[in-house]
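Heads up: the structure comes next, in structure tokens.
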2 protein chains.
Amino acid sequence: MTDFSFCNPVRIEFGKDKEKHIGQYMKEAGAKKALVLYGSERVRKSGLMDVVESSLKANSIEFAQLGGIKSNPVLSKVNEAIGLAKEFGADSVLAVGGGSVLDSAKAVAAGACYEGDVWDFFTGKNPSTALKIFDIITLAATGSEMNCGGVVTKEQTKQKYAISAPCLYPKVSVINPQLQATVSREYLVYSASDIIAHSIEGYFTASVHPEIVRAYIEANIKTVIRTTEILLADPSDYDARAEFAWAATMALNGLTYVGVGGFGYPNHMIEHAMSAVVDCAHGAGLSVVMPAWMKWYKDRNLSAFERFAREIFGLKSADEGTLALKVWFDKIGTPTSLA
Amino acid sequence: MTDFSFCNPVRIEFGKDKEKHIGQYMKEAGAKKALVLYGSERVRKSGLMDVVESSLKANSIEFAQLGGIKSNPVLSKVNEAIGLAKEFGADSVLAVGGGSVLDSAKAVAAGACYEGDVWDFFTGKNPSTALKIFDIITLAATGSEMNCGGVVTKEQTKQKYAISAPCLYPKVSVINPQLQATVSREYLVYSASDIIAHSIEGYFTASVHPEIVRAYIEANIKTVIRTTEILLADPSDYDARAEFAWAATMALNGLTYVGVGGFGYPNHMIEHAMSAVVDCAHGAGLSVVMPAWMKWYKDRNLSAFERFAREIFGLKSADEGTLALKVWFDKIGTPTSLA
């Protein structure tokens with residue numbers, strides 16, 4: 001087990017109707033003027049934005065709004081939001097949507113406290129201060145609700161890079177599985193792929209990997225497999241939706257990386273390069289990349305691949321485990337080839 | 001999965017030689033005057049206190065010290081420390097020792113900011129403010145290093161009660177497995193028993209229990225069983241010591257209770273009543289209580305007991321699982337009867 005520092009101060013509010021209290025949570029954290037970011041107009045049509053607006057008003061939080069943030073969020077939109085946050089004098093950003101909205105919000109939070117180009121924070125510089133970040137997460141996948149990182153694409157150069165700093169932990173993240181029940185079948189399976197990808201990167205590539213942490217990762221992956229199958233049969237199953245959401249959060253909140261030796265993010269690196277060019281959904285790109293990468297990489301860490309096969313699928317060899325994952329991706333309908 | 005709020009802001013500094021930086025960690029958290037609490041004089045003889053003192057001095061943190069805190073810590077000692085903290089004008093408490101020292105430190109931190117009797121906080125009142133709490137934990141067992149609770153005994157009335165409030169989360173907890181390598185064989189197995197007890201209370205008694213959380217708990221228990229056996233054979237095995245320590249921390253930092261329905265602490269309640277009277281080691285008392293309680297309780301939640309038997313020991317029936325745990329306690333040498 002390697003030495004580590006761990007501190008994750010995010011307050012999670014998980015469960016039914018929690019979004020109704022977002023204004024109160026923000027007030028408790030000292031927010032007074034918020035920029036509310038969102039993606040598609042679905043959050044208005046569904047009535048979610050009405051709930052948010054009343055809660056903010058009831059807690060005397062002034063707000064401005066900006067919608068239109070897309071999957072694989074782009075720098076130009078982040079810059080538009082930074083301009084608006086500065087003009088409005090926002091002390092906080094509230095993301096209402098999925099990982100793309102929240103990742104954008106993190107960049108906006110850092111950029112609004114900075115005179116230079118926010119892209120600096122994606123290319124080496126670390127933000128030391130940021131607006132307060134809050135979110136109501138409507139798609140379980142990225143784990144962004146309980147970590148301090150985000151990914152944004154610079155359109156001109158097709159660079160899909162990450163920002164990360166302790167000041168970018170959300171103050172409060174609202175996870176209401178009910179709000180995730182209307183996610184399309186397609187995005188459910190892409191999310192499953194994304195969570196599994198977050199889980200296997202360190203699992204397969206780390207130079208040192210404590211067994212206890214492996215077991216936590218396996219718990220996350222098995223939960224995703226089990227609950228995805230339940231949700232494909234019955235999208236309204238609340239408990240499955242809730243466990244799926246919590247697995248997404250736990251897969252990337254730092255706990256699956258404690259005590260872990262040097263590791264890479266090869267599947268994400270390949271997928272980021274790919275989706276910056278072809279603009280496919282992140283999870284769909286990952287399910288294309290993973291089985292192929294696993295086949296290619298397995299001899300470098302055979303025991304981890306054998307353990308994966310055994311613990312996740314009850315199989316013996318590394319190849320059987322990789323094949324079983326590919327077969328499962330095919331079964332749930334997330335792509336395993338670019339074609 | 002039930003609704004929940006989760007926020008655990010503790011900064012964990014885990015690994016070799018981390019105690020050398022305690023002064024720096026405390027300074028970063030704003031500490032200037034610390035009351036240092038400890039148990040036996042072993043922390044002096046081992047040289048640990050010298051390391052602590054130099055680090056505090058190097059970071060210009062003034063300090064007073066009080067030793068002599070015992071297992072099953074008592075209220076009279078807590079009150080002595082509160083008096084000293086007030087007199088000294090401490091803004092923080094540093095616990096150097098095991099769970100008893102840290103639990104006492106939490107009570108001291110609350111009591112030093114309160115005009116009334118600190119026992120009020122054990123009998124219904126909640127502290128809203130406390131001195132900053134720091135610790136160097138030298139015995140992995142209680143999980144106190146990553147939660148906001150503590151247990152103290154009032155000698156006159158033999159009441160062993162708990163204090164708990166968000167202001168009692170440590171700011172920084174140092175976990176260096178090397179410092180735990182000199183723990184006696186006896187205390188190692190008592191600690192194993194204690195961690196398993198923390199793990200099973202909710203597991204067996206909760207009205208609702210998400211499978212993902214069960215899997216985390218099973219990961220903790222299996223880690224304790226595996227690493228205890230390694231450490232009994234070779235107390236110097238660093239990785240086993242580290243995983244054992246991390247399992248202890250993870251078993252009671254709140255994550256094994258998220259989304260869990262109403263539950264009790266029957267084994268702890270029985271043991272607290274017992275050890276307030278007979279003053280046995282907490283873990284030893286628990287290994288006496290658990291198998292008997294499990295046998296008595298199993299029909300109330302049979303599926304959980306069957307799952308425990310299967311996942312932990314690869315066995316089929318609830319009775320086989322309970323027996324296997326008792327046999328394992330006997331094997332490692334923690335008592336299973338009061339005799």
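Computed from a predicted structure; not experimentally measured. When reading the values below, keep in mind they use all heavy atoms of this one structure, side chains included, and skip hydrogens, waters and symmetry mates. The chains referred to below are lettered A, B, ... by the order of the sequence lines, with proteins before strands, and numbering in each begins at 1.
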So, the part of A:Lys18 with a heavy atom under 4.5 Å from chain B: the answer is side chain

Option in B:Pro9, B:Ala215, B:Pro210 with maximal non-hydrogen atom pairs under 4.5 Å from chain A | B:Pro210

So, does B:Glu243 use its side chain to make a donor-acceptor pair with the main chain of A:Ile212 at under 3.5 Å?
-> yes

Portion of [X] that has a non-hydrogen atom of chain A nearer than 4.5 angstrom:
| X | result |
| --- | --- |
| B:Ile175 | neither |
| B:Val258 | side chain |
| B:Tyr169 | neither |
| B:Arg226 | side chain |

Approximate separation, where rounding is to 0.5 Å, of A:Met1 CE and B:Arg241 CZ | 14.0 Å

Measure the spacing between CG of A:Leu255 and CG of B:Asn253 and express it to the nearest 0.5 Å.
-> 7.5 Å

Under 4.5 Å between any side-chain heavy atoms of B:Asp3 and A:Lys16, yes or no?
-> yes

Before giving the answer on side-chain contact (heavy atoms from CB on, under 4.5 Å), spell out for A:Phe6 and B:Glu13 the whole-Å C-alpha distance, their side-chain angles and the decisive distance to 0.1 Å.
-> CA-CA 7 Å; A:Phe6 178 85; B:Glu13 291 291 342; over 6 Å; no

Step through it carefully: locate the ring centre of A:Tyr216, locate the ring centre of B:Trp246, and say whether they are under 6.0 Å apart.
-> no

What option among A:Asn176, A:Asn220, A:Val208 has the most heavy-atom pairs under 4.5 Å with chain B?
-> A:Asn220

Is the NZ atom of B:Lys132 crowded by more than 12 outside heavy atoms at less than 6.0 Å?
-> yes

Over 12 non-hydrogen atoms of neighbours within 6.0 angstrom of NZ in B:Lys222 = yes

